[in-house]
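Residues take their numbers from the sequence shown, with the count starting at 1. Computed from heavy atoms alone, side chains included, the values below leave out hydrogens, waters and symmetry copies. Please read these numbers as outputs of a predicted model, since none were measured by experiment. Whatever order the structure lists them in is the order used to number ligands and atoms, beginning at 1.
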Amino acid sequence: MPEVKALSGIEILDSRGRPTVKAYCTLASGVVAQASVPSGASTGAAEAVELRDQESRYRGLGCRKAVANLNEIINDCVSGCDFPSQAGFDAALIALDGTQNKSRLGANAILAASLAFARASALEANEPLYQHFSRMLPGDMQIPRPTINLFSGGKHAGAQVEIQDVLIMPQSPDDLDSSLAMFAEIYACAAELCAERYDMRLLRADEGGLAPPASSAESLIELALAAIDHAGLRAGTDVVLAVDVASSHFFDGESYHLGGRRLSPEEMIQRLVRWVNSYPIVSIEDGLAEDDWQHWPRLRETLGHRALILGDDLLCTNPARIRKAVETQAANALLLKVNQIGTLTEAAEAVRLARVAGWRIVASARSGETEDDWLADLAVGWGADQIKIGSITQSERLSKYNRLLEITAAVGWPLARP
Ligand code: PGA
Ligand code: ZN
């Protein structure tokens, strides 16, 4: 039974050079583990609150208060205590915070503690982290199929086009290694096409994807298809597409502002239908806005048999929002971002609810990441169907892909089915 000796934290910088939180958990046995938390830019309104210092330092984004909460309030509460399970540890943090959205201690402080404790417990039990995670949420483990960022727009790339991601999902390979190699060729071809068509230097967006100045979402998607073709691959067979529309960011409460037009929710759905009819798109994330609850069921009814209707901002990995979405048939897949809810236990409950409803699970990194690789273990341990990390550039993304390669080498499993 892990007894916590001490919890502490420091402020570190994420992949955008913004402060975030790293925690250290020391157990009475002498085991020490660390964990760092990511941070989004295209955040949902219902996400748990990251505590930021709101001072001029780092334009208000400092995390010194969150770190002080770890070193003082959280450390005082948990040190010297035995926690037989992650659920017990997380419950203590949730009670200590006492708010609905973790705004007192900060979801960044709380999640860092939750993850560091999990890693320390795994070390103490002498088991790989993915196995430890799977004990928390029993079910089949699997290597998730990667959906890899090729092009970025929206909040990750200066909004040259409204939609946030065009992603490639290798479909024919049944192993991770071939999938990554296949993507690498598409990425190289896309970079060459960007240079040719836009005479552009290789600028990368927050998640390592290319950010060409395309004139519309459709032209970005068509550029992806051209890159697939140049790579000698067949779209729809070898690889398929996914899009993160991130439409909360161009919805004004009434209309969707897309491609210079104002679309009603029904017209927005028809636009998505057109895309699925014209392109090999198998997953639509946030096709409608986070507060457009009224129209999500219609989107699922219209396209749910042909594509994942994937909720990110809509669901915020929040069990209460997932229950509502299951009841109203608003989606058929959960984007799992642990820092949207702030503890492993609550995120596990989110996954459990989604699974019971028969949904697919897509584990996701954030646009602001660290070199920590726990997401790979979490996705495997919780049996996620897909994983969305970003492109295969930049070490904060590659640490997760490389950890997935390492886990694959250890277990020898194929990829989850497409
Ligand atoms: P975020 O973006 O981390 O900036 O929220 C990722 C996503 O929207 O999926
Ligand atoms: Zn998203």
Within the 4.5 Å heavy-atom criterion, are Asp14 and Glu369 side-chain neighbours or not?
no
Compute whether any side-chain donor of one residue and acceptor of the other, for Asn108 and Glu50, lie under 3.5 angstrom apart.
no
Just one of Leu375, Val380, Asp377 clears the side chain to side chain contact (heavy atoms under 4.5 Å, CB included) bar with Arg403, so which one?
Asp377
Between the protein and ligand 1, which nitrogen or oxygen pairs come in under 3.5 Å, and how far apart is each?
from	atom 1	to	atom 2	distance (Å)
ligand 1	2 (O)	His156	NE2	3.2
ligand 1	2 (O)	Gln164	NE2	3.4
ligand 1	3 (O)	Arg366	NE	2.9
ligand 1	3 (O)	Ser367	N	2.8
ligand 1	3 (O)	Ser367	OG	3.3
ligand 1	4 (O)	Ala41	N	2.7
ligand 1	4 (O)	Ser42	N	2.8
ligand 1	4 (O)	His156	NE2	2.7
ligand 1	4 (O)	Ser367	OG	2.6
ligand 1	5 (O)	Ser42	O	3.0
ligand 1	5 (O)	Lys337	NZ	3.3
ligand 1	5 (O)	Arg366	NH2	2.7
ligand 1	8 (O)	Gln164	NE2	2.7
ligand 1	8 (O)	Asp244	OD2	3.2
ligand 1	8 (O)	Asp312	OD2	3.0
ligand 1	8 (O)	Lys337	NZ	3.4
ligand 1	9 (O)	Asp244	OD2	3.1
ligand 1	9 (O)	Glu285	OE2	3.1
ligand 1	9 (O)	Asp312	OD2	3.2
ligand 1	9 (O)	Lys337	NZ	3.2
ligand 1	9 (O)	Lys388	NZ	2.6

Return yes if a side-chain donor-acceptor contact under 3.5 Å exists between Asp372 and Thr370, otherwise no.
no
Please work out whether the ring planes of Phe89 and Phe117 are parallel, tilted or perpendicular, with thresholds of 30° and 60°.
parallel
Salt-bridge contact Arg323-Glu349 (side-chain N to carboxylate O under 4.0 Å)
yes
Which atoms of the protein, restricted to N, O or S, are nearer than 2.8 Å to the Zn ion (ligand 2)?
Asp244 OD2, Glu285 OE2, Asp312 OD2
Heavy-atom distance under 4.5 Å between the side chains of Gln86 and Ser114, does that happen here?
yes
Would you kindly say whether Asp312 and Gln340 are connected by a side-chain donor-acceptor distance under 3.5 Å?
yes
Non-hydrogen side-chain atoms of Ile387 and Arg145 separated by less than 4.5 Å:
no
